[in-house]
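Reviewing the structure listed below.
Here is the naming used below: chain letters follow the sequence lines, and residue numbers restart at 1 for every chain.
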Protein chains: 2
Amino acid sequence: MSPARARTSHDQIVAAGRELLEAGGLDAVSMLAVAERVGVRAPSLYKRFADRGALIAAIGAAALEDLGRRLLPLTQDPDPAAGLRGIAAAFRAFAHRNPHAYELLFMNLPPGSRPPAELNALASAPLLQVAQRLVGSERALEAARLVTAFAHGFVSMEITGAFRLGGDVDEAYRYGVDVLVDALTAARADRLPRTIEPNEAPPP
Amino acid sequence: MSPARARTSHDQIVAAGRELLEAGGLDAVSMLAVAERVGVRAPSLYKRFADRGALIAAIGAAALEDLGRRLLPLTQDPDPAAGLRGIAAAFRAFAHRNPHAYELLFMNLPPGSRPPAELNALASAPLLQVAQRLVGSERALEAARLVTAFAHGFVSMEITGAFRLGGDVDEAYRYGVDVLVDALTAARADRLPRTIEPNEAPPP
DNA sequence: ACCTGAACACCGTTCAAGT
DNA sequence: ACCTGAACACCGTTCAAGT
């Protein structure tokens, strides 16, 4: 007659998972630990998530949405080169702030527990938009992939401690972004031989 | 009086681990599965490896040495730009051939189970050498990090299926390598304003 | 409808006992 | 000196029984 009242929720479970993730890495996100943190027993979690993989996937999706929301406003800069620098900096800052969530975003997950394509598109859109303004529509996807690969590879190596030859890591990131911005700006210049000033006639 | 004869060896165990790794991912490298494959019982593995983490670390070290050995000969190309292209291609090919081992190489491991610094240096040396010939000693480390970050980020995203916006992924890699090679070649040109021909006097 | 205790499978790890 | 069976701890997961 009196069905048991819900003592937790999907969102509360995901939030607890994210906290455990940042505090102790993926191993710390056990069904026991999550359940304890939200005040139920482990078996109850299976009412809302098919298994641990589904819960981890939901945590990753939440983090991806978070990242996308942070990158979005940076496309507003009228200078696409400045926009690209801003996105590169914000991307790295996000990874530094949430290293374990970041790791999860780029983890090799079974196809079933990847974030929904729409979320993926939302997080990719800002860079794609800036890249298009920088190098034109034809090469926008390749340029965006170049920048994403560099930025992801760099912060991923940073987080896992793969830069072990000394040197200034901040400086190396700045150098990499500089080289990429210059190269992509030049790539546009190759196609549009010179800037068209307001009062100047367009080239033939 | 008759101590039990060794029925396996460190190297045999590592080899079995690598096979299981490529066949079924890291989860498939269980102490039970490895032991069965080499013909002993799981507890015997602890005679040679402190724990599963140490075994995984040894598997990673073996893969890293493998990678380093494949990159080394590519530094012989007299043209550093061609050398860089070769290294970029070989790096990607290695990742495609051994995706799970590759993943392991760039995994976030506890400091204790990272590969020894000498192995790391050995795998980094080829690119560092080519980068130095391309952009000069002063920026060699930054340039090598730029290329490594791009290549790692790219193949890592490839492996984990992160490129989900269509397009030609091979073409995107080629585009990225081209842009980097051109940019780094230009970077050298910036410092040495023009090439000195054999019969030409050096600039003042 | 959601929650729970009890139980099971699986895996890493330890250890006393074998040769 | 290395190998083994037995045992333990831990975790994901299932399920019948509660409200």
For this session: Represent DNA chain D in dot-bracket notation, 5' to 3'. Only Watson-Crick or G-U wobble pairs with both distances under 3.5 Å count; pseudoknot-style crossings use [ ] and interstrand partners use |.
Result: ||.|||||...|||||.||
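Legend: residues meeting salt bridge (Lys or Arg N to Asp or Glu O under 4.0 Å) with D51(B), ordered by chain and number and at least two apart, are absent. Partners of F94(A) under the ring-ring contact (aromatic ring centres under 6.0 Å, His included) rule, at least two apart in sequence or in another chain, do not exist in this structure. Taking the side chain to side chain contact (heavy atoms under 4.5 Å, CB included) definition, one finds that Q132(B) meets it with S137(B), A140(B), sequence neighbours left out. Qualifying side chain to side chain contact (heavy atoms under 4.5 Å, CB included) partners for D170(A), counting only residues two or more places apart in sequence or in other chains: R92(A), D168(A), R174(A). Residues forming a ring-ring contact (aromatic ring centres under 6.0 Å, His included) with Y102(A) (at least two apart in sequence, or on another chain): F91(A), F106(A), H152(A). For R48(B), there are no side chain to side chain donor-acceptor pair (under 3.5 Å) partners, not counting sequence neighbours. For H96(A), there are no ring-ring contact (aromatic ring centres under 6.0 Å, His included) partners at least two apart in sequence or on another chain. By the salt bridge (Lys or Arg N to Asp or Glu O under 4.0 Å) test, R133(A) pairs with no residue at all, sequence neighbours left out. Take D182(B) and apply the side chain to side chain contact (heavy atoms under 4.5 Å, CB included) test, not counting sequence neighbours, and it matches R85(B).
Nucleotide dA1(C) holds its P atom 13 Å from the CZ atom of R48(A), rounded to whole Å. When rounded to the nearest whole Å, the span between CD of E36(A) and P of dC10(D) equals 13 Å.
Under the 3.5 Å distance criterion, the side-chain polar atoms of Y173(B) are matched with a main-chain donor or acceptor of A88(B).
Of the residues in residues 6-15 of chain B, those with a non-hydrogen atom less than 4.0 angstrom from any atom of DNA chain D are A6(B), R7(B), T8(B).
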Expected rows: protein N/O vs nucleotides 12-14 of chain D N/O, under 3.5 Å:
residue	atom	partner	partner atom	Å
dG12(D)	OP1	R52(A)	NE	3.1
dG12(D)	OP2	M31(A)	N	2.9
dT13(D)	OP2	Y46(A)	OH	2.9
dT13(D)	OP2	R52(A)	N	2.8
dT13(D)	O5'	Y46(A)	OH	3.3

